[in-house]
Amino acid sequence: MTNLVAVPVDPDSPVRPCSVPGPRPQPEPEPEPGPGSSESSEHHPAPPGGRAAWGAWSIGVGVYVLAVIHRTSLGVAGLDAAARFGIGASALSTFAILQVLVYAAMQVPVGLLIDRFGPRRVLLLGILLLSTGQLAFAFSPSFGPALASRAVLGCGDAMTFISVLRVAARWFPAARNPLVAQLTGLVGTGGNLVTTVVLAPALHSQGWTATFALIALLGLGAFAMVALLLKEAPAGVTVVPAAGRRPPVREQIRHAWREPGTRLGMWVHFTTAFPGATFGLLWGMPYLVEGQGMSRGEAGGLLTLLVLCNMAFGLVFGRLVSRYPAARIPVTFTVIGSTAACWAVVLAWPGGRPPLWLLVVLLVVMGSNGPASLVGLDYARAHNPPERLGTASGIANMGGFIGTMITLFGIGLLLDSLSGAAGHTAETYRWALCWQYVPLALGTAMIVRLKRELGRA
């Protein structure tokens, strides 16, 4: 979409507009944008921003908060799930792995659905799947049905975030999109805070079935809010192309993937997102309770710190990248390096029991992971035209979830293989968590390679 902006003449400028009468020169015709261009083939008025834009965004982000509550609910219920279904670490990690696998696998199909049918319809479908999956999880009597319900939940979760970003891209000027994306992640992180502060105590006071069933029923209000109040775009802005102008699915995916900015965005998301996501989704609570000897309350406090730091870094990175787009790569490498360094000190601590202050530093640093991953989505947005923005965002957004899935599975497998009669100790957690450096190294190498390729493009 080309934003047409009137540029006023500065009255103090030494350069004055020419007032000599005569024939006005005819402008040269603009060339047609190619398939890799970041300009749309359609011209629309610039998105207005303002109160209406923030209203539409607020409705969408409310759904995203609910999705994060659903997504992270297992993070505080991991030990309860292991006891309820009689499973070990590998089987427990399968819950989160399957949920993340479904999420990652659905990103491209969801992007295509958004590009063709608009974010409002996709959000409504996502709410239905989230609620259905969580309700089934609440009443699951055994491991198999519970696993299937988490897959349904992951499918609904996959439909929320990039739908909200697509609404924001239609309502806000392009220069504000990095900030709005960070605000979306920041507010969504509040769902994680609700999980830690509200859901964890409710599990022990109200029980498994009542707690998860109540979360599922929250979807009724979200569905009504989207169906009745959400406007996808300002008046005069095309939400989806006409049926006759929609490119074939394979062509849409191929053009998005061939764009180096899309692939760079995916690897930035992959490398920065997974350490914090792995800790918050599943292994944070068991590591702090079993590996570090903390109570559930103390562990919950540290996980709350992770969420609060996530929100703070979201504000900082959003403003920084909006004003200085060149800061995207420095932010990315700073977050990767500091996360790797903090984990190295924690895992190398004698006896595997680092002091509390060091764990606090680690949680603060990992709080930067989620906000830094949104830099990847900004790369995808900046290097693709609006008509395939959903597809490109889906490709970029699946990166962090692929990295999280690989890390969840690797840690669970190593924990089971290294644990003896004593169970999961500080020492076994120390060696299992070293697995994080494999995806960190892979992702960093791919970012370096694709940054060079993008510079040559």
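We're numbering straight along the sequence, starting at 1. Please read all numbers here as calculations on a predicted model, not as lab measurements.
When the shell of 6.0 Å around CZ of Arg84 is examined, it contains more than 12 heavy atoms from other residues, nucleotides or ligands. Residue-environment remark: OH (Tyr437) exceeds the threshold of 12 foreign heavy atoms within 6.0 Å. The environment of CZ in Phe409 is sparse: at most 12 heavy-atom neighbours from other residues, nucleotides or ligands sit within 6.0 Å. Applying the 6.0 Å contact sphere to CZ of Arg319 captures no more than 12 heavy atoms from other residues, nucleotides or ligands. When the shell of 6.0 Å around CH2 of Trp435 is examined, it contains 12 or fewer heavy atoms from other residues, nucleotides or ligands.
Nearest approach of Ala222 to Leu66, heavy atoms of both residues: CB-CD2, 3.8 Å.
For Thr272 and Ser373, the side-chain atoms include no donor-acceptor pair closer than 3.5 Å. Inspection of the His70 and Gln134 side chains reveals an N or O donor paired with an N or O acceptor under 3.5 Å. There is a side-chain donor-acceptor pair under 3.5 Å between Thr184 and Trp57. Checking Gln107 against Asn397 by side-chain atom types alone, a donor-acceptor pair falls below 3.5 Å.
Residues Met294 and Leu302 meet the side-chain proximity criterion, which asks for heavy atoms closer than 4.5 Å. For the pair Phe139 and Pro145, the minimum side-chain heavy-atom distance is 4.5 Å or more. Counting heavy atoms from C-beta on, the side chains of Trp431 and Leu414 never come closer than 4.5 Å.
Ion pairing of Asp378 with Arg328 is present here, as a side-chain N (NZ or NE/NH1/NH2) and a carboxylate O approach within less than 4.0 Å. Ionic pairing of Arg449 and Glu453 is present here: one or more N-O contacts between side-chain nitrogen and carboxylate oxygen are shorter than 4.0 angstrom. In this structure, Arg166 does not pair ionically with Glu232, as no charged nitrogen and carboxylate oxygen lie closer than 4.0 Å.
Side chain of Thr160 to main chain of Ala67: no donor-acceptor pair is present (N/O by atom type, distance under 3.5 Å, no hydrogens or angles). Remark: side-chain polar atoms of Arg381 are not paired, donor with acceptor, to backbone N or O of Leu389 under 3.5 angstrom. Remark: the backbone N or O of Leu129 is not paired with any side-chain donor or acceptor of Thr132 at under 3.5 angstrom. Ser131 places a side-chain N or O within 3.5 Å of a backbone atom of Ala216 that can act as its donor or acceptor partner. A donor-acceptor contact shorter than 3.5 Å is absent between the side chain of Gln182 and the backbone of Val321.
Below 30°, between 30° and 60°, or above 60°: for Phe313 and Phe317 the angle between ring planes is between 30° and 60°, a tilted geometry. Under the 30°/60° scheme for interplanar angles, the aromatic rings of Tyr64 and Phe161 are found to be tilted.
Applying the salt bridge (Lys or Arg N to Asp or Glu O under 4.0 Å) test to residues at least two apart or on different chains, the pairs with a partner in residues 285-297 are Asp80-Arg296.
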Candidate pair His269 and Phe401, rule side-chain contact (heavy atoms from CB on, under 4.5 Å), full reasoning: CA-CA 8 Å; His269 199 273; Phe401 293 91; 4.0 Å; yes
Quick one: do Val375 and Val335 satisfy side-chain contact (heavy atoms from CB on, under 4.5 Å)? Show the steps, please. CA-CA 11 Å; Val375 171; Val335 169; over 6 Å; no
Walk me through it: do Phe279 and Leu303 pass the test side-chain contact (heavy atoms from CB on, under 4.5 Å)? CA-CA 9 Å; Phe279 204 83; Leu303 291 175; 3.8 Å; yes
Kindly indicate, with the supporting measurements, whether the criterion side-chain contact (heavy atoms from CB on, under 4.5 Å) is fulfilled by Phe274 and Leu440. CA-CA 9 Å; Phe274 80 83; Leu440 269 175; 3.6 Å; yes
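Partners of Phe85 by ring pair (Phe, Tyr, Trp, His ring centres under 6.0 Å), not counting sequence neighbours, listed by chain and number: Phe95, Trp208. Partners of Arg120 according to the salt bridge (charged side-chain N to carboxylate O under 4.0 Å, His left out) rule, which considers only residues two or more places apart in sequence or in another chain, do not exist here.
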